[in-house]
Amino acid sequence: QVQLVESGGGLVQPGGSLRLHCAASGSILSFAVMGWYRQAPGKQRELAATITRGSTTAYADSVKGRFTISRDIAKNTVYLQMNSLKPEDTAVYYCNAQDRFVGAYNYWGQGTQVTVSS
């Protein structure tokens, strides 16, 4: 029922910026928490940033100070602004949403590739 679609990935030079979009099929207020995960080749998937229904944000130490998660409720969209990008940020980035009423219900997008290279 729930669809999440990521966009905005691409190739960028070190020090550059990208803005990722996660568009939901319905109101993002249906979710208790939304977040961005990333997975680099040969590595485990890791949580980069989260935003709660109440707008509380949290970040992994590796991205804190460089990435900002935000939302536009009217557009059913969550964003990840990524600045000062490093080669180690290269990964597939996935949008995730946790159901507001049943936490065991988790939804995932298909991912968008971010490559940071000169």
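Looking at heavy atoms from C-beta onward, Ile28 lies out of side-chain contact with Thr77 at the 4.5 angstrom threshold. Counting heavy atoms from C-beta on, the side chains of Leu4 and Trp108 never come closer than 4.5 Å. Side-chain atoms of Arg38 and Asp89, non-hydrogen and from C-beta on, do get closer than 4.5 Å to each other. In this structure the side chain of Ser7 never reaches within 4.5 angstrom of the side chain of Leu20, judged on heavy atoms. A 4.5 Å side-chain heavy-atom check between Pro87 and Pro14 finds at least one atom pair inside the cut-off. Side chains of Ser84 and Arg66 form a contact here, defined as non-hydrogen atoms less than 4.5 Å apart. No side-chain heavy atom of Tyr59 sits less than 4.5 Å from a side-chain heavy atom of Thr50. Annotation: side chain of Tyr93 is in contact with side chain of Met82 (closest heavy-atom distance under 4.5 Å).
No hydrogens or angles considered: a donor-acceptor pair under 3.5 Å links the side chains of Ser55 and Arg71. There is a side-chain donor-acceptor pair under 3.5 Å between Gln81 and Asn83. A side-chain donor-acceptor contact under 3.5 Å links Asn96 and Asn106. Side chains of Tyr37 and Arg45: no donor on one and acceptor on the other come within 3.5 Å.
Residues Val92 and Phe67 fall into different hydrophobic clusters, defined by Ile, Leu, Val, Met, Phe, Trp and Tyr side chains chained together at heavy-atom separations under 4.5 Å. No continuous path of ILVMFWY side-chain contacts below 4.5 Å connects Val33 to Val2, so the two sit in separate hydrophobic clusters. Put simply, Phe31 and Leu29 are part of the same group of oily side chains (I, L, V, M, F, W, Y) that touch within less than 4.5 Å, one to the next. Tyr94 and Leu47 fall within the same hydrophobic cluster, defined by Ile, Leu, Val, Met, Phe, Trp and Tyr side-chain heavy atoms under 4.5 Å apart, directly or through other members.
Note that CH2 of Trp36 is 5.5 Å distant from CD of Glu6, once rounded to the nearest 0.5 Å. With rounding to the nearest 0.5 angstrom, the OG1 atom of Thr56 is 11.5 Å from the CD1 atom of Ile69. With rounding to the nearest 0.5 Å, the separation of CE in Met34 from SG in Cys95 is 4.0 Å. Residue Gln110 holds its CD atom at 8.5 Å from CD of Gln3, rounded to the nearest 0.5 Å.
Across all non-hydrogen atoms, the minimal contact from Ala40 to Thr90 is CB-O, 3.6 Å.
Side-chain atoms of Thr57 never come within 3.5 Å of backbone atoms of Ile51 as a donor-acceptor pair (strictly under, hydrogens ignored).
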- Audit row: Ser27, Asn76, side-chain contact (heavy atoms from CB on, under 4.5 Å) steps and yes/no: CA-CA 5 Å; Ser27 175; Asn76 297 337; 4.3 Å; yes
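The number of heavy-atom neighbours closer than 6.0 Å to CD of Glu46, taken from other residues, nucleotides and ligands shown, is above 12.
Remark: Arg19 qualifies as a cation-pi partner of Tyr79 under the 6.0 Å distance and 45° angle criteria applied to the six-membered ring.
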